[in-house]
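Written out below as structure tokens is the structure these notes cover.
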Amino acid sequence: MNWDHLVELAWKTRLNAHAPYSRFQVGAALLASDGRVFTGCNVENLSYGLTMCAERVAIGAAVAAGVTRFEAVAVVADTGVPISPCGACRQVLAEFGVPRVLLANRTERMEFTMEALLPRASAGILDRAL
């Protein structure tokens, strides 16, 4: 898979992040199974628990457009090492069946399967398949 287009869109969308408190901007680009790409950036809130991560913003945009099947997501930030999705984002990405995840900073890329990032995600807290 050529990740270049997704990474480029994630970097572009990152510029729109609303991060007045942390100044930490994150961008995500989500490839749908039909070839469309949905992007997201983090949207902070003074009450940090209400902050929306870039990955979940991208999923929300896709779901709002009627899309729920995905192939991959790229997540980017200006960090020393590629940023990794938080636990909530991992669970949401897993629930929507995003199989491949690329994490990138300005110089490095790391590719993972969703299973590697969140083993047994489909079992959930009720220990049953979705």
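Everything quoted here is computed from the prediction, not taken from an experiment.
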Check your understanding: Can a donor-acceptor pair be found between the side chains of Glu71 and Ser33 at a distance below 3.5 Å?
Key ->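 There is such a pair (donor and acceptor under 3.5 Å, judged by atom type) between the side chains of Glu71 and Ser33.
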**Study point:** pair Leu103-Pro85: side-chain heavy atoms closer than 4.5 Å
**Key:**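 Answer yes - side chains close enough.
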Point to revise | Side-chain heavy-atom pair Leu93, Phe70 within 4.5 angstrom cut-off | key: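 Of all side-chain heavy-atom pairs linking Phe70 with Leu93, none is under 4.5 Å.
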Point to revise | Side-chain (Glu55) to main-chain (Cys89) donor-acceptor, under 3.5 angstrom | key: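 Checked: no pair found.
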Check your understanding: For Tyr48, does its backbone N or O pair with a side-chain atom of Thr51 as donor and acceptor, under 3.5 Å?
Key ->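 Side chain of Thr51 to backbone of Tyr48, a donor-acceptor pair under 3.5 Å: yes, one is there.
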Contact summary for [X] and [Y], nearest pair of heavy atoms:
X      : Y     : result
Arg14  : Asp78 : NH2-OD2, 3.0 Å
Met114 : Arg90 : CE-O, 3.5 Å
Ala72  : Leu6  : CB-CD1, 4.3 Å
Tyr21  : Leu46 : CE1-N, 3.4 Å
Ala28  : Val73 : CB-CG2, 4.4 Å
Phe38  : Ala32 : CE1-CB, 4.1 Å

**Study point:** Leu30 and Phe96: CA distance, side-chain angles, deciding distance, side-chain contact (heavy atoms from CB on, under 4.5 Å) verdict
**Key:** CA-CA 11 Å; Leu30 179 67; Phe96 280 96; over 6 Å; no
Side-chain heavy atoms nearer than 4.5 Å, only ILVMFWY residues, links allowed to pass through others: does that put [X] and [Y] together?
X      : Y      : result
Met110 : Trp11  : no
Ile59  : Phe112 : yes
Val26  : Val37  : no
Val81  : Val101 : no
Leu118 : Ile83  : yes

Point to revise | The single option from Val76, Asn105, Leu102 passing side chain to side chain contact (heavy atoms under 4.5 Å, CB included) against Pro82 | key: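 So, applying the side chain to side chain contact (heavy atoms under 4.5 Å, CB included) to Pro82 and each of Val76, Asn105, Leu102, only Asn105 qualifies.
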Point to revise | Value rounded to 0.5 Å, distance of CD in Glu44 from CE in Met52 | key: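 Reported to 0.5 Å precision, the distance equals 11.0 Å.
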Review point. Quick one: CD on Glu8 to OG1 on Thr13, what's the gap to the nearest 0.5 Å?
Key: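 Rounded to the nearest 0.5 Å, the CD-OG1 separation comes to 10.0 Å.
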Check your understanding: Can a salt bridge be assigned to the pair Arg109 and Asp4 using a cut-off of 4.0 Å between side-chain N and carboxylate O?
Key ->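 Here Arg109 pairs with Asp4 in a salt bridge, since their nearest N and O are under 4.0 Å apart.
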